[in-house]
K.L.:
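Okay, here's the structure, questions in a sec.
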Amino acid sequence: MQKRNRNKAEKKVLKMMIDADVSQKMIAEHLGITPQAVNNRLKRGSVEPLIEAIEELEEQNS
């Protein structure tokens with residue numbers, strides 16, 4: 001099995017998710033998409049909506 005290289009945007013979002021205690025499922029429900037769509041956006045680097053969703057969910061959880 002080959003190690004997968006992650007880009008900087010993906011690493012940033014994954015770190016934000018861990019710090020905010022937010023899962024892909026929670027983000028998907030917040031955005032009205034599937035968890036697979038969240039994963040695809042991470043891999044493709046389309047992370048701006050994900051970052052906004054994480055910040056909004058973090059505020060709600062506080």
K.L.:
Tell me the side-chain hydrogen bond (donor to acceptor under 3.5 Å, both in side chains) pairs involving residues 45-59, sequence neighbours left out?
P.N.:
H30-E56
K.L.:
Considering only heavy atoms from C-beta outward, does the side chain of P49 approach that of R41 to under 4.5 Å?
P.N.:
yes
K.L.:
Can you tell me how far the CD atom of E10 sits from the CG atom of L50, to the nearest 0.5 Å?
P.N.:
10.5 Å
K.L.:
Quick check: closest heavy atoms across I27 and A53, and the distance to 0.1 Å?
P.N.:
CG2-CB, 4.1 Å
K.L.:
Which atom names give the shortest non-hydrogen contact between A28 and P35, and what distance separates them?
P.N.:
CB-N, 3.6 Å
K.L.:
What residues form a salt bridge (Lys or Arg N to Asp or Glu O under 4.0 Å) with K15, not counting sequence neighbours?
P.N.:
D19
K.L.:
How far apart are the C-alpha atoms of V47 and K12, what are their side-chain angles, what is the distance that settles it, and do they pass the side-chain contact (heavy atoms from CB on, under 4.5 Å) test?
P.N.:
CA-CA 9 Å; V47 296; K12 177 182 176 183; over 6 Å; no
K.L.:
Begin from the C-alpha positions of Q24 and N39 and carry the test side-chain contact (heavy atoms from CB on, under 4.5 Å) through to its verdict.
P.N.:
CA-CA 8 Å; Q24 282 187 351; N39 196 37; 3.7 Å; yes
K.L.:
Rounded at 0.5 Å granularity, tell me how far CE in M17 sits from CG in L57.
P.N.:
10.0 Å
K.L.:
Run the numbers on M26 and N61 for side-chain contact (heavy atoms from CB on, under 4.5 Å), then give the verdict.
P.N.:
CA-CA 12 Å; M26 293 168 68; N61 292 339; 4.0 Å; yes
